[in-house]
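Worksheet: one structure, shown below.
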Amino acid sequence: MNPALPASSVTATVDFDQDGIQHGFLKLPYSHDGSAWGAIMTPLCVVKNGEGPTALLTGGNHGDEYEGITGLLKLSHQLDHKDIQGRVIIIPMMNQPAVEGASRVSPIDNGNMNRAFPGHPYGTMTERMADYFTRYLIPLCDTALDIHSGGKTLDILPFAAAHRLPDKALESRCSDGARLFGAPYMFFMEEIDATQLYDTAVEDQGKVFVTTELRGGGTTTPDTIAMVDRGIHNFLVFSGVLNKTYLTPPSDPISVEIPDANCYLHAEHRGILELCVSLGDEIHKSDLIARIYSMERTGEAPVEYHAKRSGILAARRHLANVNIGDTFAVLAVKI
């Protein structure tokens with residue numbers, strides 16, 4: 001814990017050092033019109049068996065991404081502590097208010113958990129929870145898995161991902177974890193702005209971090225749930241805490257990279273989006289990617305958007321209504 005900062009107002013109702021299986025909450029005091037002495041209650045599960053590494057598993061970083069939420073809720077009642085050597089900390093709904101509101105961000109403070117790190121103990125509710133992760137939970141773990149999908153606004157090729165890091169030994173461990181997760185694709189990601197990401201907070205503490213994107217649309221499918229169940233199992237084996245063998249995916253992951261900002265295509269017009277390519281399609285520089293039609297009047301030709309580089313279509317906007325600044329397509333390069 002940073003001695004320059006006060007203790008967190010978040011408290012855990014579990015003992016992280018106790019053997020066995022515990023179910024409890026992270027309690028964050030929240031006074032509001034409906035409850036003067038209320039609290040945000042974030043469910044968590046701790047499974048521990050003796051000494052060993054710790055894996056921190058999170059979902060619901062954004063409240064409309066359900067693969068991680070579902071997979072970790074399932075794990076919390078299926079995992080047997082006798083199969084564990086070490087400790088697993090399971091937090092299925094990292095941003096609990098956002099999950100309850102079925103929204104990407106918290107309805108309490110409009111807080112995007114994955115843009116709130118490292119957080120602050122005197123900040124908004126979202127920043128206070130991010131601070132607790134940064135100063136209390138991340139230091140407990142050796143490996144961390146944060147399960148994302150595209151939510152209501154995006155559809156994304158199913159992948160597990162790592163980042164390019166200055167510490168090449170850590171980068172190698174992270175990429176191994178992403179590959180062994182067993183999604184159809186394994187990505188190296190260049191984030192638009194990594195400064196306030198949970199990813200960066202974990203990596204800055206020298207811990208192995210793996211993230212995912214497992215389709216989207218604000219729902220789940222049997223295929224995406226099967227991917228997340230297999231991936232969680234494999235990540236726990238990779239982390240050295242689950243005494244079982246890897247589950248083999250249907251095929252080896254295809255390795256790709258998002259190397260630079262030219263991979264992200266942003267709308268500069270408002271209107272109705274017509275995507276002209278499909279997920280996984282091979283794209284060449286200057287290919288037509290999309291058209292945007294004006295909603296203000298008929299008879300106007302659409303604005304066309306072309307690829308700034310070659311690659312494959314890795315992600316697309318799920319909603320056809322598009323605003324200026326929205327990312328509507330993301331390209332990746334096979335490596």
Side-chain angles (χ1 to χ4, degrees), residues 1-2 4-6 8-10 26 28 30 40 42 56-65 68-69 89 91 93-99 101 103-141 143-154 156 159-167 170-171 174 178 187-213 216 258-261 263-264 266 315 325-327 330:
M1 186 177 74
N2 184 347
L5 293 174
S8 173
S9 53
V10 178
L26 299 177
L28 173 57
Y30 171 48
I40 297 170
T42 300
L56 174 58
L57 310 180
T58 52
N61 191 324
H62 298 125
D64 61 350
E65 300 175 5
I69 298 168
I89 301 171
I91 303 178
M93 292 163 283
M94 197 172 175
N95 193 338
Q96 175 72 11
V99 177
S103 62
R104 180 175 178 82
V105 300
S106 170
I108 293 173
D109 56 14
N110 203 38
N112 182 336
M113 181 68 76
N114 215 29
R115 303 296 186 274
F117 283 85
H120 198 282
Y122 292 158
T124 64
M125 294 295 106
T126 303
E127 290 170 337
R128 293 182 187 207
M129 187 59 74
D131 170 70
Y132 183 82
F133 270 83
T134 299
R135 293 195 291 143
Y136 292 83
L137 289 179
I138 296 172
L140 293 178
C141 80
T143 61
L145 171 66
D146 191 34
I147 305 168
H148 288 259
S149 55
K152 294 175 182 177
T153 65
L154 293 170
I156 306 174
F159 67 78
H163 301 101
R164 298 295 186 188
L165 301 172
D167 183 339
L170 180 60
E171 178 185 301
C174 294
F187 271 52
F188 278 105
M189 291 191 70
E190 172 70 23
E191 305 284 358
I192 295 176
D193 181 7
T195 307
Q196 294 179 283
L197 296 182
Y198 176 49
D199 317 32
T200 303
V202 177
E203 293 161 352
D204 282 351
Q205 294 190 33
K207 309 302 179 75
V208 171
F209 182 81
V210 173
T211 188
T212 73
E213 296 288 354
I258 299 175
D260 57 49
C263 291
Y264 295 86
H266 295 94
D326 289 339
T327 295
V330 181

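- For Asp146, the side-chain hydrogen bond (donor to acceptor under 3.5 Å, both in side chains) criterion is met by Thr58, Asn61, His148, not counting sequence neighbours.
- Between the side chain of His120 and the backbone N or O of Tyr122, at least one donor-acceptor pair lies under 3.5 Å.
- Closest approach of Ser106 to Ala98, counting heavy atoms only: N-CB, 3.8 Å.
- In plain terms, the two heavy atoms of His163 and Glu171 that are nearest each other are O-CG, 3.5 Å.
- Looking at heavy atoms from C-beta onward, Leu57 lies out of side-chain contact with Ile91 at the 4.5 angstrom threshold.
- When all heavy atoms of Thr134 and Pro118 are compared, the pair lying nearest together is OG1-O, 3.0 Å.
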Exercise for the section: Check the pair Met189, Phe159 against side-chain contact (heavy atoms from CB on, under 4.5 Å), reporting the backbone distance first and the verdict last. Expected result: CA-CA 11 Å; Met189 291 191 70; Phe159 67 78; 3.7 Å; yes
Practice task
With side-chain contact (heavy atoms from CB on, under 4.5 Å) as the test, would you mind laying out the steps for Arg115 and Leu197 before giving the verdict?
Solution key: CA-CA 5 Å; Arg115 303 296 186 274; Leu197 296 182; 3.1 Å; yes
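- Residues passing the ring-ring contact (aromatic ring centres under 6.0 Å, His included) test with Tyr198, sequence neighbours excluded: Phe117, Phe133, Phe209.
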Practice task
Would you please test Asn95 and Met129 for side-chain contact (heavy atoms from CB on, under 4.5 Å) and show each step?
Solution key: CA-CA 8 Å; Asn95 193 338; Met129 187 59 74; over 6 Å; no
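- Across every non-hydrogen atom of Cys174 and Val210, the tightest pair is O-CG2, 3.6 Å.
- Between Glu65 atom CD and Leu154 atom CG the span is 8.5 Å, to the nearest 0.5 Å.
- With a 4.5 Å cut-off on side-chain heavy atoms, Thr212 and Leu145 count as touching.
- Between Pro139 and Gln205 the shortest side-chain heavy-atom distance falls below 4.5 Å.
- Between the side chain of Asn114 and the backbone N or O of His62 there is no donor-acceptor pair closer than 3.5 Å.
- If you take CD on Glu203 and CG on Asp199, they are separated by 6.0 Å, rounding to the nearest 0.5 Å.
- Side-chain contact between Ile138 and Lys207 is present, with at least one heavy-atom pair separated by less than 4.5 Å.
- Closest approach of Gly150 and Ile156 over heavy atoms only: CA-CD1, 3.9 Å.
- Closest approach of Tyr264 and Asp260 over heavy atoms only: CD1-O, 4.1 Å.
- Between Pro97 and Met125 the shortest side-chain heavy-atom distance does not fall below 4.5 Å.
- Counting only heavy atoms from C-beta outward, the side chains of Leu26 and Leu137 approach each other to under 4.5 Å.
- Of the possible polar contacts, one joining the Asp64 side chain to the Lys152 backbone as a donor-acceptor pair under 3.5 Å is found.
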